[in-house]
2 protein chains.
Amino acid sequence: MKASGRRAETRLRLFSAAVELIAEQGYTATTVDAIAERAGVAKGTVFYNFGSKEALFTGLLDHGIGLLSGALSGAAAGRTALDALDSVVMAQLRFFEEYGAFARVLLAEMWRTAWQDAVAGLRRDALGVYAGVLRRAVAEGVVRDDLDVETAAAAVFGMVLTVAIERKVLHPDRPIERVHATLVELLHGRVAAG
Amino acid sequence: MKASGRRAETRLRLFSAAVELIAEQGYTATTVDAIAERAGVAKGTVFYNFGSKEALFTGLLDHGIGLLSGALSGAAAGRTALDALDSVVMAQLRFFEEYGAFARVLLAEMWRTAWQDAVAGLRRDALGVYAGVLRRAVAEGVVRDDLDVETAAAAVFGMVLTVAIERKVLHPDRPIERVHATLVELLHGRVAAG
DNA sequence: ATTTTTGTACTGACCAGTCAGTTATAAAAA
DNA sequence: TTTTTATAACTGACTGGTCAGTACAAAAAT
């Protein structure tokens, strides 16, 4: 996995072109011709590099999920578990601020059986970060010890994903800190500070 | 809008066939032939009834969103706003328990610009129920009065939607009450009752 | 010298939408 | 009742276009 090199660059350009088109139109509606054109590459190059449209897409999913997982786990440190939860939420918001198209692709394709393998990595790595933080919170006694950590992790992840897209689509200039504050308030359930 | 009648029945059968196939394969990948076949109807009937594949789909969205909104607003009553919030969450979980395929279609297509009009109804009606309950909560002083109600509504809706699908796909026999309890615990932010 | 990319042309399968013809339904006429 | 009439609902073979993937010789990059 050399990061530089002509081939690696071509692949990244193809990922980037594909994720934007697929976010707008969906996987099936996006043609290989269109991806190649936007990437500034000949159609044959797509097949030379990935072999098939499906392989390009699962490669894209793997790539994005890797980036996302890295961003989340880098943010999971914090004095208390609730601090860590806040900063993981912020990291997820920031990640999708930068890779908004990927957020939409993920949301749309997350539950499709066709890419189960790629999505398994999402569960293990990205949701795993939330699960870890929530387990810490249980250990610290700030949430009840019968909390279903897996479900709660999916809940928070889905909540942030939804809101990140909503902001991108409907309120692009709303500051990300404000959105974060709203989510944190919901999650901590703090009562009327008036 | 007569509820019975040959035509209305055909339309419902087509909705039902379409939502299942589209949940599995996505909108574009689902062919009109396949929808017609599953509905036990000739292909021409689809076009006789809806005029186009797209019109069938937006009709399906409208139909489902109407059912969902009805279910949610019917549950929005409650002694306190937080009680009401709990029961709206439960109503959403139950609705997607029954119409799981629709949940997946909604999640995947909610942000596609092609069906903005149909999805506007979702914002107005379904998310509106959450927004109303949250406004009550603000009025009752149980959440801070600077809460961004619109964002919070989207957050809760997305959270429940994600978890409903996760349960359908990964833990179908987990009791719905347990999932509800987890979500409510997250939302109320109750601290270690041990 | 080898890997990677280009450009163009091609194929075979697939699919949304059409349309001329057929059947079901109900109301009017016999 | 039975028959006719009108039209609403449905049918399925067909069409025109689209698209993933292939082929390959020449060029460019490493």
Side-chain angles (χ1 to χ4, degrees), chain A residues 1-61 63 105 108-109 112-115 118, chain B residues 1-61 63 105 108-109 112-115 118:
Chain A
M1 266 236 259
K2 211 166 63 172
S4 70
R6 193 146 89 113
R7 197 156 181 202
E9 264 176 33
T10 302
R11 285 174 128 120
L12 285 180
R13 286 230 304 289
L14 283 170
F15 282 157
S16 159
V19 80
E20 285 174 23
L21 290 167
I22 295 174
E24 287 161 22
Q25 310 171 330
Y27 171 78
T28 313
T30 299
T31 67
V32 173
D33 289 84
I35 294 170
E37 189 187 351
R38 176 171 300 207
V41 141
K43 183 182 187 178
T45 303
V46 176
F47 292 94
Y48 176 76
N49 276 281
F50 292 101
S52 72
K53 181 187 180 185
E54 188 175 329
L56 161 62
F57 184 66
T58 55
L60 162 62
L61 281 182
H63 178 71
V105 170
E109 306 291 340
R112 187 97 68 244
T113 47
W115 355 99
Chain B
M1 267 236 256
K2 211 167 65 172
S4 70
R6 198 174 169 211
R7 201 160 177 196
E9 263 176 34
T10 302
R11 284 173 127 119
L12 285 180
R13 286 229 306 288
L14 283 170
F15 281 157
S16 159
V19 78
E20 284 174 24
L21 290 167
I22 294 174
E24 286 161 22
Q25 307 172 331
Y27 170 76
T28 314
T30 300
T31 67
V32 173
D33 289 85
I35 295 170
E37 189 187 352
R38 177 171 298 207
V41 141
K43 183 181 190 174
T45 303
V46 176
F47 292 94
Y48 176 76
N49 276 282
F50 293 100
S52 71
K53 183 186 176 184
E54 188 174 327
L56 160 63
F57 185 64
T58 55
L60 163 63
L61 281 182
H63 178 71
V105 170
E109 305 291 340
R112 188 135 305 142
T113 47
W115 357 98

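Only heavy atoms go into these numbers, but all of them, side chains included; no hydrogens, no water, no symmetry mates. So you know, we letter chains A, B, ... as the sequences are listed, proteins then strands, and number each from 1.
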| said: Quick one, Thr113(B) and Glu24(A) - any side-chain contact, counting heavy atoms below 4.5 Å? | reply: no
| Which nucleotide sits closest to the side chain of Arg7(B): dT5(C), dA13(D), dC10(D)? | dC10(D)
| Taking only residues two or more places apart in sequence or in another chain, which ones pass side chain to side chain contact (heavy atoms under 4.5 Å, CB included) with Ala34(B)? | Leu21(B), Thr31(B)
| remark: Sorted by position of nearest nucleotide on DNA chain D, 5' first, the leading residue of Gly44(A) and Ala29(A) is Ala29(A)
| task | Any chance you could measure Ser16(A), atom OG, to Ile35(A), atom CD1, to the nearest 0.5 Å? | result | 11.0 Å
| message | How would you summarise protein contacts on nucleotides 25-30 of chain D per nucleotide, using B for base, S for sugar-phosphate only and - for none, with heavy-atom distances below 4.0 Å? | response | ----SS
| query | Can you find a pair of side-chain heavy atoms, one from Val105(B) and one from Tyr27(B), that are under 4.5 Å apart? | reply | no
| query | Counting any heavy atom closer than 4.0 Å, what does Thr30(B) reach on the DNA or RNA strands: base, sugar-phosphate only, or nothing? | reply | sugar-phosphate
| message | Given dC15(C), dG7(C), dC10(D), identify the nucleotide with an atom nearest to the side chain of Thr45(B). | response | dC10(D)
| task | Output the single nucleotide from dT11(D), dA16(C), dT4(C) whose closest atom is nearest the side chain of Tyr48(A). | result | dT4(C)
| query | For Val41(B), which contact category applies under a 4.0 Å heavy-atom criterion: base, sugar-phosphate, or nothing? | reply | sugar-phosphate
| Looking at Arg6(B) and Glu9(B), does any basic side-chain N land under 4.0 Å from a carboxylate oxygen? | no
